[in-house]
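Chain A is the first sequence line, chain B the second, and so forth, proteins listed ahead of strands; every chain is numbered from 1. Note that these values count all heavy atoms, side chains included, but never hydrogens, waters or copies made by symmetry.
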Amino acid sequence: MKKLFLLDGMALIYRAHFALSKTPRFTSGGLNTSAVMGFTNTLLDVLKKEKPTHMAVVFDTDAPTERHTDFEAYKAHREAMPEDLSKALPYIFKVVLGFNIPLITSDGYEADDIIGTLAKKAEQKGYQVYCMTPDKDFAQLVSDNIFIYKPARMGNDMEILGVKEVLAKWEVEKVEQVIDILGLWGDAVDNIPGIPGIGEKTAKALIKQYGSMENIIANSHELKGKQRENVEQFAEQGLLSKKLATINLNVPVELDEAGLEMCAPSKELLEPLFAELEFRTLGRRVFGDDFSIIETRAAGTQIDMFGAPVAEGRTTMQVEITDIAESPTHAAKNITNVEHEYHLADTPEKRAELVALLSQQTHICFDTETTGTDANNCELVGLSFAIKPGQGWYVPVSAVKEDCQSVVNEFKAVLENPDIAKTGQNIKYDIMILKWYNVEVKGKLFDTMMAHYVIDPDTRHNMDILAENYLGYKPVSITELIGPKGKNQGSMRDVDPEKIKEYAAEDADITLQLKTVFESKIKEAEAEKLIHEIEHPLIYVLADMEYEGVRIDEGALRDFSKELEGDIIKLEKTVYDKAGVRFNIASPKQLGEVLFEKLMLDPKAKKTKTGQYQTGEDVLLALANKSDIVRDILDFRQLQKLKSTYVDALPLMINKKTGRVHTSYNQAVAATGRLSSNNPNLQNIPIRTERGREVRKAFIPRDENHILVSADYSQIELRIIAEISKDENMRAAFTQNLDIHTATAANVYGVALDQVDGTMRRNAKAVNFGIIYGQSAFGLSQSLGIPRKEAAEIIEQYFIQFPGIKNYMADTMNFARENGYVCTLMGRRRYLRDINSANQTVRGFAERNAINAPIQGSAADMIKIAMINIHRELKAQNMAARMTMQVHDELVFDVPHNEVDKIKPIIEHHMKNAIKTEVPIMVEIGTGLNWLEAH
DNA sequence: CGAATCACGC
DNA sequence: GACGTACGTGATTCGA
């Protein structure tokens with residue numbers, strides 16, 4: 001197969017430049033060598049991994065093309081190129097020529113146009129064409145044999161976008177429609193604004209609805225308000241923008257097949273260049289280990305920018321070839337889109353018939369339609385059911401509360417029947433909704449969202465996406481019913497039930513079909529226990545916790561808020577005085593300018609990639625000795641955060657109906673298996689600082705007859721490491737019940753336990769911490785504020801002392817490399833697609849995840865099991881105590897005084913024995929009149 | 001509205 | 001020897 005790679009040179013240079021500009025750039029004599037290096041590395045990656053048979057790099061010249069309507073703006077744009085980057089340009093040309101890759105420069109045409117024309121011509125000649133350009137510009141040309149190639153970036157492996165990916169990404173049916181979106185959005189060409197007020201999201205939604213820009217303009221009368229006005233007024237400009245976004249496929253350029261054929265890099269050209277730029281590693285990557293810049297320097301010859309002729313006698317590529325591992329694919333797309341019949345059950349008779357049918361089933365699928373997304377604060381609009389593929393029912397309910405309740409009551413018996421298993425997508429939400437209508441859903445659960453989460457935790461579990469990937473079916477979108485997200489979004493309540501029926505019954509139907517697909521996938525992944533014994537039962541537990549909520553001392557927070565307010569104003573004043581200027585301290589941009597330009601606190605201040613000064617905590621702390629203003633700024637920030645995120649926000653989250661705060665636990669976001677919490681996030685309530693702790697005091701028991709009980713796993717992750725690594729030293733520390741950080745320090749520093757000082761313990765703690773979170777020497781040196789070398793030494797000593805841990809890490813990594821996944825004690829898998837990637841950065845991510853996922857994930861498994869068992873026992877014993885919060889390794893309960901003594905052993909027992917381990921598991925339980933006291 | 005920056009917990 | 005370095009949620013600013 002002939003494989004042609006077409007590169008947009010300028011786009012790649014900018015990419016290399018910005019990727020590296022986060023860190024201080026390596027510049028010598030005004031030359032940005034890191035841009036050259038980044039460019040060369042990417043080029044090399046492509047050559048090695050993709051092995052193109054033909055290739056070309058296309059550069060725009062500085063001349064304007066017919067696509068540039070505003071010449072002045074174009075010139076300004078070109079001149080805005082950073083100086084060091086423009087100096088790098090000739091070097092990049094040399095690199096391209098050195099690799100013997102044809103360099104095409106445009107003459108009045110955009111690089112995109114040339115690439116597009118060549119791509120089309122090559123496609124007709126049977127080439128597979130890969131275009132390395134921003135996908136935004138090129139998405140419209142993708143076809144069966146034309147792909148967009150996105151080189152590996154930080155955190156992402158290389159990506160190839162084909163037709164399927166482009167359609168999904170732009171949410172369109174035809175690739176040509178991408179141009180329409182770009183035209184509307186106006187982001188395609190500089191200085192052509194498209195249609196004002198229409199951004200990417202709106203553009204996508206409109207195209208989805210109308211199919212084309214012309215159609216939108218023709219039907220603009222259907223639009224509302226400002227949007228209609230804009231579309232009508234700026235229609236012409238939008239069309240112009242579309243025209244300019246369109247790639248010109250008629251550039252007079254010939255596809256010179258022989259000329260584009262790949263050949264070996266030229267040692268004569270590249271060696272002196274690498275020597276000049278001191279690219280040792282790159283040199284070795286290209287020419288092998290014996291490459292040395294010292295020798296070549298002496299023999300170095302200068303080459304002209306374009307003067308060097310392409311070397312003769314082309315042979316095949318001599319660079320080392322590494323194979324890329326096939327990434328696992330999981331989409332099965334063979335379920336047919338069966339004929340469906342969806343019924344509207346909107347009369348008592350029809351409902352009775354449905355209830356009778358449902359009662360006979362052993363399992364049903366159901367879904368609720370509501371007026372909002374907050375389960376504790378919305379109304380039921382309808383219920384939908386499915387029992388076999390292709391069939392579905394929708395039951396609308398009245399907006400009148402009593403009528404609604406009576407319809408729900410008709411289905412109560414079915415929903416509460418423990419012998420009828422229930423399937424749903426994100427079924428916790430539906431369970432919560434029904435709780436508000438006095439229905440306690442019972443029966444074995446199957447949640448398609450959770451099912452997909454255990455099958456593949458890293459990807460998304462949104463139903464529309466699941467349906468497309470696994471059923472090859474595109475469901476009716478919710479935006480078709482209630483319009484795009486935003487303040488003008490309609491309510492489900494106002495939609496014709498006949499219309500909702502198609503959407504809602506379909507949802508239930510699809511969910512049911514997904515269940516079948518996922519059941520076999522779960523079997524394949526050996527995740528049956530995990531899903532049926534942990535995730536699904538946990539749904540009931542979480543629903544109860546969310547429904548229960550926690551009580552917040554509103555008055556105390558209001559007082560605290562006033563106190564903070566006063567202190568913040570005081571600090572503000574001090575900062576203004578010291579700075580001699582009034583500015584917005586909360587704006588990192590303004591703050592940076594004041595600190596580094598006005599006060600000149602640090603002449604070598606680092607900038608972020610957007611050109612702002614860095615003003616993060618670590619940066620400011622480093623300046624603390626220069627001026628005490630930074631102390632005030634940090635204090636200001638802390639108080640501001642405290643006030644806005646917690647003190648002022650929490651009272652606003654109090655539910656009007658219950659007077660309590662109902663968080664929402666997300667069971668399917670964290671790839672490690674942890675839960676997350678939002679609205680409000682109860683898992684990041686301050687604890688470290690004195691003032692932050694005040695917030696915890698506002699979490700109080702239900703009433704004077706209750707008390708809070710908090711139970712904490714002690715060092716659970718480290719115990720799990722000790723358990724799975726079987727490291728003797730670490731195990732001994734736990735069996736002897738030593739303070740683990742002190743014990744670690746004693747080992748690492750080779751001193752007796754009682755000789756461990758504060759610094760030693762702190763360092764040891766940080767290493768333990770780092771291992772849990774998959775940090776590296778760099779991360780450790782950052783968190784401890786010590787040189788990287790020192791951090792590396794500590795880590796090295798750590799591994800000598802805890803060889804079991806080192807072995808565990810190596811074993812896990814090997815397992816991951818061979819199997820493509822790692823797993824926790826309960827068999828929760830995490831797939832690591834990049835574990836064999838040739839890109840070091842990308843692979844590094846995967847490797848850290850490989851170590852980290854089993855540890856954090858096992859801890860998550862453990863507390864989940866404990867939660868289920870405690871919840872079950874509280875129910876069995878008919879206790880009034882309630883579990884209210886989970887913070888990764890801590891559980892909080894609202895307990896009547898007379899149950900405190902009874903509940904403590906229950907909690908302790910179930911937490912300690914959730915998973916059988918050899919390493920002892922310790923749990924600390926406390927009680928108190930607020931969370932701080934209990935913890 | 002989105003991106004960028006910062007900060008909090010584990 | 002250079003890349004870049006735990007996750008998740010949320011507030012704020014700022015430019016479009």
- Item | Donor-acceptor pair under 3.5 Å, Arg674(A) side chain vs dC7(C) base | no
- Query: Got Arg719(A) and Ser714(A) here, is their nearest side-chain heavy-atom distance under 4.5 Å?
  - Reply: yes
- Message: At 4.0 Å (heavy atoms only), tell me whether Gln638(A) reaches a base, stays on the sugar-phosphate, or touches nothing.
- Response: sugar-phosphate
- Query: Is Tyr773(A) side chain donor-acceptor paired with the dC7(C) base, going by distance under 3.5 Å alone?
  - Reply: no
- Do the side-chain N or O atoms of Lys589(A) get closer than 4.0 angstrom to the phosphate oxygens (OP1, OP2) of dG15(C)? yes
- Query: For Glu597(A), does the CD atom have more than 12 heavy-atom neighbours from other residues, nucleotides or ligands under 6.0 Å away?
  - Reply: yes
- Query: dA6(C) and dG9(B): how far apart are their C1' atoms, nearest whole angstrom?
  - Reply: 13 Å
- Scanning both residues in full, the closest heavy-atom pair of His935(A) with Asp712(A) reads CE1-OD1, 3.0 Å
- Query: Under 4.0 angstrom, heavy atoms only, what part of the nucleic acid is Glu617(A) near: base, sugar-phosphate, or nothing?
  - Reply: sugar-phosphate
- Query: Using a cut-off of 4.0 Å on non-hydrogen atoms, how would the nucleic acid contact of Asn852(A) be classed: base, sugar-phosphate, or nothing?
  - Reply: nothing
- Task: Indicate whether any N or O donor in one side chain lies under 3.5 Å from an N or O acceptor in the other, for Glu546(A) and Thr663(A).
- Result: no
- Query: For Gln612(A) and dG15(C), what is the distance between atoms CD and C1' respectively, to the nearest whole Å?
  - Reply: 11 Å
- dT12(C) P sits how many Å from Leu642(A) CG, rounded? 13 Å
- Item | Distance, P atom - from dC3(C) to dC8(B), rounded to whole angstrom | 30 Å
- Item | Among dG9(B), dC6(B), dT13(C), the nucleotide that comes nearest once only the side chain of Arg637(A) is considered | dC6(B)
- Establish, with yes or no, whether the OP1 or OP2 oxygen of dT9(C) is under 4.0 angstrom from a side-chain nitrogen or oxygen of Ser676(A). yes
- Item | Proximity to the side chain of Ala586(A) - top-ranked nucleotide from dC8(B), dT12(C), dT5(B) | dT12(C)
- Query: At under 4.0 Å between heavy atoms, what does Thr672(A) touch on the DNA or RNA strands: base, sugar-phosphate, or nothing?
  - Reply: nothing
- Check Arg674(A), Gln683(A), Lys864(A) against Gln886(A) for a side-chain hydrogen bond (donor to acceptor under 3.5 Å, both in side chains) and give me the one that passes. Gln683(A)
- Query: Roughly how many Å is it from CZ in Phe636(A) to C1' in dA7(B), rounded to a whole number?
  - Reply: 14 Å
- Item | Polar side chain donor-acceptor pair, Ser781(A) to Glu790(A), under 3.5 angstrom | no
- Task: Take atom CG of Asn679(A) and atom P of dG8(C), then tell me their distance rounded to the nearest Å.
- Result: 17 Å
- Item | Side-chain (Asn678(A)) to main-chain (Pro680(A)) donor-acceptor, under 3.5 angstrom | no
- P-based separation of dG4(C) from dT5(B) [nearest Å]: 15 Å
- dG10(C) phosphate, OP1 or OP2: any side-chain N/O from Ser644(A) under 4.0 angstrom? no
- Item | Dot-bracket notation for DNA chain C, counting Watson-Crick and G-U pairs under 3.5 Å, with | for partners on another strand | ......|||||||||.
- Query: Just checking, Arg843(A) and Phe845(A): is the charged tip under 6.0 Å from the six-membered ring centre and within 45° of the axis?
  - Reply: no
- Item | Arg696(A) side-chain proximity, nearest of dA11(C), dC10(B), dC6(B) | dC10(B)
- Note on the structure: Winner on side-chain proximity to Arg688(A), out of dT5(B), dC10(B), dG8(C), is dC10(B)
- Touch class at under 4.0 angstrom, heavy-atom based, for Asn666(A) against every strand present: nothing
- Look at Ser677(A) and dG8(C) and indicate whether a side-chain polar atom (N or O) is within less than 4.0 Å of OP1 or OP2. no
- Query: Counting any heavy atom closer than 4.0 Å, what does Gly616(A) reach on the DNA or RNA strands: base, sugar-phosphate only, or nothing?
  - Reply: sugar-phosphate
- Item | Donor-acceptor pair under 3.5 Å, Arg788(A) side chain vs dG4(C) base | yes
- Item | Phosphate OP1/OP2 of dC14(C): any Gln590(A) side-chain N/O under 4.0 Å | yes
